[in-house]
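Just below is one structure, and these are the notes that go with it.
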Amino acid sequence: MKRLSTAIATVGAMVAIDQAIKVGVEQVMDYQERIALLPFLDLFLTYNPGIAFSMLSGLGAGPLIAISVAVSAFVTWLWVSSPAERVIAHFGFALIIGGAIGNLIDRVLYGHVIDYFLFHTPGWSFAIFNLADAAITVGAGLVIVDELLQWRSGRKAD
């Protein structure tokens with residue numbers, strides 16, 4: 001029961017922090033305004049009508065909401081069906097679900113996702129993203145790390 005409450009708290013915290021930052025950025029910045037934070041990191045308010053890297057932006061909000069719900073349901077099923085001792089994977093799943101819900105809220109409310117982080121160098125810039133995107137990426141990385149650790153421990157047992 002403690003793990004379930006921790007997982008729900010992780011998801012809830014991720015959604016709350018993500019939404020709070022998005023509201024704050026929307027209140028203090030104009031669309032496509034750029035604010036330098038560090039030599040390689042800016043705030044840059046923009047809207048993503050698609051999914052990662054603006055893929056599928058021509059589909060519209062409705063189909064992307066359906067895709068988001070389906071993917072979230074699948075990740076939730078993976079989470080629930082994985083053994084309780086897979087703590088790293090469970091934390092990763094919580095981050096993925098929290099990030100997905102954060103972006104899903106944007107899509108439902110606004111028809112797009114609010115993005116605001118821009119990593120760059122003088123001659124290159126990465127796609128603009130938000131905290132929810134970062135949570136999804138880190139969560140997926142944790143699930144992969146957990147799978148590799150499980151595979152490695154299985155090989156040692158053989």
Query raised in the report: Any idea which heavy atoms bring A7 and A94 closest together, and the distance?
Result: O-CB, 4.2 Å

Requested in this report: Identify the two heavy atoms, one from A132 and one from G99, that lie closest to each other, and give their separation to 0.1 Å.
Outcome: CB-O, 3.3 Å

Interatomic distance, [X] atom [atom1] to [Y] atom [atom2] [nearest 0.5 angstrom]:
X	Y	atom1	atom2	result
L64	R107	CG	CZ	5.0 Å
M29	T46	CE	OG1	10.0 Å
D146	E85	CG	CD	9.5 Å
L142	L149	CG	CG	10.5 Å

[X] versus [Y]: any side-chain heavy-atom pair under 4.5 Å?
X	Y	value
I105	D18	no
N130	I21	no
L78	F93	yes
S68	N103	no
L118	L41	no
L131	I17	yes

For the backbone of [Y] and the side chain of [X], can you confirm whether one donor and one acceptor N or O come within less than 3.5 Å of each other?
X	Y	answer
D106	I114	yes
Q19	G102	yes
D30	E33	no
H90	V80	no

Look at the side-chain heavy atoms of Ile, Leu, Val, Met, Phe, Trp and Tyr, link any pair under 4.5 Å apart, and say whether [X] and [Y] land in one connected group.
X	Y	answer
L109	L59	yes
F91	V145	yes
W77	I97	yes
V25	M14	yes
F74	I51	yes

Query raised in the report: Taking the six-membered ring for Trp, are the ring centroids of Y31 and Y47 within less than 6.0 Å of each other?
Result: yes

Query raised in the report: Mind checking what makes ring-ring contact (aromatic ring centres under 6.0 Å, His included) contact with F117, not counting sequence neighbours?
Result: F129

Requested in this report: Evaluate the side chain to side chain contact (heavy atoms under 4.5 Å, CB included) criterion for residues L104 and V69: first the C-alpha distance (whole Å), next the side-chain angles of each, then the deciding distance (0.1 Å), finally the verdict.
Outcome: CA-CA 8 Å; L104 181 61; V69 169; 4.0 Å; yes

**Report entry** Residues in side chain to side chain donor-acceptor pair (under 3.5 Å) contact with D42, at least two apart in sequence or another chain
**Finding:** R34, H120

Query - Partners meeting salt bridge (charged side-chain N to carboxylate O under 4.0 Å, His left out) with E147 (sequence neighbours left out) - result: R86

